Amino acid sequence: MNHLPHVPVIGITWGRVSPELLSLAPVDIILGSDVFFDPKDFEDILTTVYFLLEKNPRAQFWTTYQVRSADWSIEALLYKWKLKSIHIPLHSFSADKEHLASSPLPSRHTIEMMIISLA
């Protein structure tokens, strides 16, 4: 895919450490698209991210998400799991358009990007 050899892609059940996760080779970047969808899953997501970052201390978790409620936040969970996040403005890489890659998203939705790493 995209002429990148040896890019591992595995399915994850948030909050569970599978044999595939245990045997995953070292990684630099973990990608997650719109994973912060439901607040009841936020801690399971960050638990899994923490596990992966502990195994790969220099790695980063890059994620985008749609803002669904101004009341939802992961700040306390980042602190709890000793993680930090950096907000990446979409305009910094020309992704703040109404239509991207022939998709109507983000359209009128608010899309955010952040990079999470160990604190």
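The chain is numbered in sequence order, starting from 1. In this text, all values refer to a predicted model and were calculated from it rather than measured experimentally.
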According to a hydrophobic-cluster definition based on side-chain heavy atoms being under 4.5 Å apart (Ile, Leu, Val, Met, Phe, Trp, Tyr only), do I86 and Y79 belong together?
no
CG-CG distance between D41 and D38, expressed to the nearest 0.5 angstrom
5.0 Å
So, using side-chain hydrogen bond (donor to acceptor under 3.5 Å, both in side chains) as the criterion, who are the partners of W72 when residues are at least two apart?
none
Are the side chains of N56 and L24 in touch, meaning some heavy atoms are under 4.5 Å apart?
no
Tell me the salt bridge (charged side-chain N to carboxylate O under 4.0 Å, His left out) pairs involving residues 5-24, sequence neighbours left out?
none
Donor-acceptor list for residues 111-118 side chains, cut-off 3.5 Å, not counting sequence neighbours:
| from | atom 1 | to | atom 2 | distance (Å) |
| --- | --- | --- | --- | --- |
| E112 | OE1 | H87 | NE2 | 2.5 |

Taking all heavy atoms of Y50 and all of L83, pick out the closest pair and write down the distance.
CD1-CD2, 4.1 Å
Does a side-chain heavy-atom distance below 4.5 Å link V49 with W81?
no
Is there side-chain contact between I30 and L53, with at least one heavy-atom pair below 4.5 Å?
yes
May I ask you to decide if W14's main-chain N or O and T48's side chain share a donor-acceptor pair within less than 3.5 Å?
no
F61 and F36 aromatic ring geometry - parallel, tilted or perpendicular at 30°/60° bounds:
perpendicular
Calculate, to the nearest 0.5 Å, the distance between atoms OG1 and CD1 belonging to T63 and I88 respectively.
11.5 Å
Give a yes or no on this: more than 12 heavy atoms of other residues, nucleotides or ligands lie within 6.0 Å of atom CG of D28.
no
Taken in chain and number order and not counting sequence neighbours, the residues that satisfy salt bridge (Lys or Arg N to Asp or Glu O under 4.0 Å) with E43 are K80
Taking the side chain from K55 and the backbone from V27, do they hold a donor-acceptor pair closer than 3.5 Å?
no
Please list, chain by chain and in numerical order, all residues satisfying salt bridge (Lys or Arg N to Asp or Glu O under 4.0 Å) with D34, sequence neighbours excluded.
R68
With sequence neighbours left out, what residues match S85 under side-chain hydrogen bond (donor to acceptor under 3.5 Å, both in side chains)?
none
If you count every heavy atom of other residues, nucleotides or ligands that lies below 6.0 Å from W62 atom CH2, does the total exceed 12?
no
